[in-house]
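The structure displayed is predicted, hence computed values, not measured ones.
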Amino acid sequence: MTCTTAWAEHYAFASHRSPADAQGPLRDLITAVRYVDRIEQRQGTWRIAARKLILD
């Protein structure tokens, strides 16, 4: 079986909402993230073999 590998990098924004509670009012967290993936092609199909999430 042959295996071809490659790297890919994807940029995204992640948003999280926390409800109001005893600590304070409704809160929103928005952050930029990057996914750095090692991908492999096996039998003609590309799949993520390893992923690293980086907070920017």
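Leu53 and Trp7 are not part of a single hydrophobic cluster, where members link through side-chain heavy atoms under 4.5 Å apart.
Listed by chain and residue number, Arg38, Glu40 satisfy the side chain to side chain contact (heavy atoms under 4.5 Å, CB included) test with Ala49 (two or more places apart in sequence, or in another chain). In this structure Leu55 satisfies the side chain to side chain contact (heavy atoms under 4.5 Å, CB included) test together with Thr31, Val33, sequence neighbours excluded.
Evaluation of the salt bridge (Lys or Arg N to Asp or Glu O under 4.0 Å) test over residues 43-54, restricted to residues two or more places apart or in two chains, returns Asp37-Arg51. Sequence neighbours left out, the pairs with a member in residues 5-14 that pass salt bridge (Lys or Arg N to Asp or Glu O under 4.0 Å) are Glu9-Arg34. Within the structure, the salt bridge (Lys or Arg N to Asp or Glu O under 4.0 Å) test picks out the following pairs touching residues 14-25 (sequence neighbours left out): Arg17-Asp28, Asp21-Arg27.
The hydrophobic cluster around Ile48 extends to Ile39, Trp46, counting ILVMFWY residues whose side-chain heavy atoms fall within less than 4.5 Å of a member. Under the 4.5 angstrom side-chain criterion for Ile, Leu, Val, Met, Phe, Trp and Tyr, Phe13 has no cluster partners at all.
What you find for Ile30 and Ser15 is that their closest heavy atoms are CG1-CB, 4.0 Å.
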